[in-house]
Amino acid sequence: MYTLYYSPGAASLVVHWLLIEIGAKHELRKLDLAAGEHKRADYLALNPNGVVPTLLVHGEPLSEAAALVLHLADVHPSFGLAPEPGSIERGRYYQWILHLANTLQPAFRTWFYPAEAAGEAHAQEAKDLARQRIEACWDRIEAHLAKRGPYLLGASVSAADFHLAMLMRWSRNMPRPATDWPQLAALAQRMKARPSFRTLYEREGLTEWA
Ligand SMILES: N[C@@H](CCC(=O)N[C@@H](CS)C(=O)NCC(=O)O)C(=O)O
């Protein structure tokens with residue numbers, strides 16, 4: 001049994017989406033980030049970083065969106081969202097998820113919280129740099145998909161594509177959203193066509209990037 005602490009559209013989205021995709025029984029606990037519910041003592045006891053997501057797995061708290069993606073795909077292998085451990089495909093899968101989590105997602109953190117990265121006085125410079133970094137990632141992923149796509153691992157979808165789609169969604173109001181890149185746009189269309197995406201949108205009350 002899973003319990004997901006989430007906020008609509010936040011880094012919890014990919015975890016929620018995968019829970020729906022694999023049909024796992026779960027409860028949702030919505031946190032109001034604007035009201036600071038993620039900084040309250042009871043939540044910090046579960047996630048000392050004070051961010052979403054946190055997933056309770058049989059009552060045990062786990063955090064970090066990418067770790068939760070890897071864990072869910074492993075615990076529910078029949079959905080084929082992760083390659084065989086030890087295979088070269090598995091290595092590529094780790095490579096992509098860690099790239100998304102270590103390079104692209106932190107650039108988004110700077111885009112959304114520029115003062116945290118550089119202080120109020122330099123927030124605009126931080127945002128400009130974040131934009132460059134995000135667009136450089138889109139360039140590289142686009143080139144990869146053109147050569148080895150249509151998914152990150154080739155012919156079949158993996159949990160990494162769900163993570164990528166969440167990050168692409170975050171770019172929707174940027175000067176150049178990820179969907180300006182044709183291979184990425186096609187991947188987004190395929191991911192959005194999954195029935196689990198519709199359910200996710202209904203449950204989180206999302207409308208943008210539908
Ligand atoms: N590395 C963490 C980052 C999570 C994160 O930054 N979550 C954001 C929402 S997208 C958050 O909780 N922001 C509220 C805050 O930092 O106060 C993860 O991937 O789980």
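Just so you know, these numbers use all the heavy atoms, side chains as well, and skip hydrogens, waters and symmetry mates. Position 1 is the first residue of the sequence, and the numbers go up from there. Counting convention: from 1, in listed order, for ligands and their atoms alike.
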- How far is atom 17 (O) of ligand 1 from its nearest protein heavy atom, and which residue and atom name does that atom have? H38 NE2, 2.9 Å

- Task: May I ask whether L31 and L4 are part of the same hydrophobic cluster, defined by side-chain heavy atoms of I, L, V, M, F, W, Y residues being less than 4.5 angstrom apart, directly or through others?
- Result: no

- Task: Go through ligand 1 atom by atom and flag the ones less than 4.0 Å from a non-hydrogen atom of A11.
- Result: 10 (S)

- Message: Could you check, using the six-membered ring where one of them is a Trp, whether W96 and H163 have ring centers closer than 6.0 angstrom?
- Response: no

- Query: Is E21 salt-bridged to R194, cutoff N-O under 4.0 Å?
  - Reply: yes

- Query: How close does the nearest protein non-hydrogen atom get to atom 13 (N) of ligand 1, and which residue and atom is it?
  - Reply: Y113 OH, 2.8 Å

- Contact check, F112 vs ligand 1, heavy-atom distance below 4.0 Å: no

- Query: Within less than 4.0 angstrom of ligand 1, does S63 place any heavy atom?
  - Reply: no

- Pair R29 + E27: basic N to acidic O under 4.0 Å: yes

- Message: Nearest 0.5 angstrom please: M166 CE to L200 CG, how far?
- Response: 11.0 Å

- Note on the structure: Among non-hydrogen protein atoms, atom 2 (C) of ligand 1 lies closest to E64 OE1, 3.3 Å

- Determine, step by step, whether E208 and N173 satisfy the side chain to side chain contact (heavy atoms under 4.5 Å, CB included) criterion, reporting the C-alpha distance in whole Å, the side-chain angles of both residues, the deciding distance to 0.1 Å, and the verdict. CA-CA 10 Å; E208 284 184 47; N173 296 319; 3.2 Å; yes

- Note on the structure: For A65, the atoms of ligand 1 under 4.0 Å from one of its heavy atoms are 18 (C), 19 (O), 20 (O)

- Please say whether the positively charged group of R176, taken as NZ for Lys or CZ for Arg, lies over the ring of W181, i.e. under 6.0 angstrom from the six-membered ring centre and within 45 degrees of the axis. yes

- Could you name the option among K39, Q105, R109 that has the heavy atom nearest to atom 6 (O) of ligand 1? R109

- Message: Need the ligand 1 atom indices (1-based, order shown) with element for anything under 4.0 Å from a heavy-atom of P53.
- Response: 20 (O)

- Starting from atom 7 (N) of ligand 1, which protein heavy atom do you reach first, and at what distance in Å? V52 O, 3.0 Å

- Message: Suppose we measure from atom 9 (C) of ligand 1 to each protein heavy atom; which comes out shortest, and what is that distance?
- Response: A10 CB, 3.8 Å

- Query: So with a 6.0 Å cut-off around CZ of R148, is the heavy-atom count from everything else above 12?
  - Reply: no

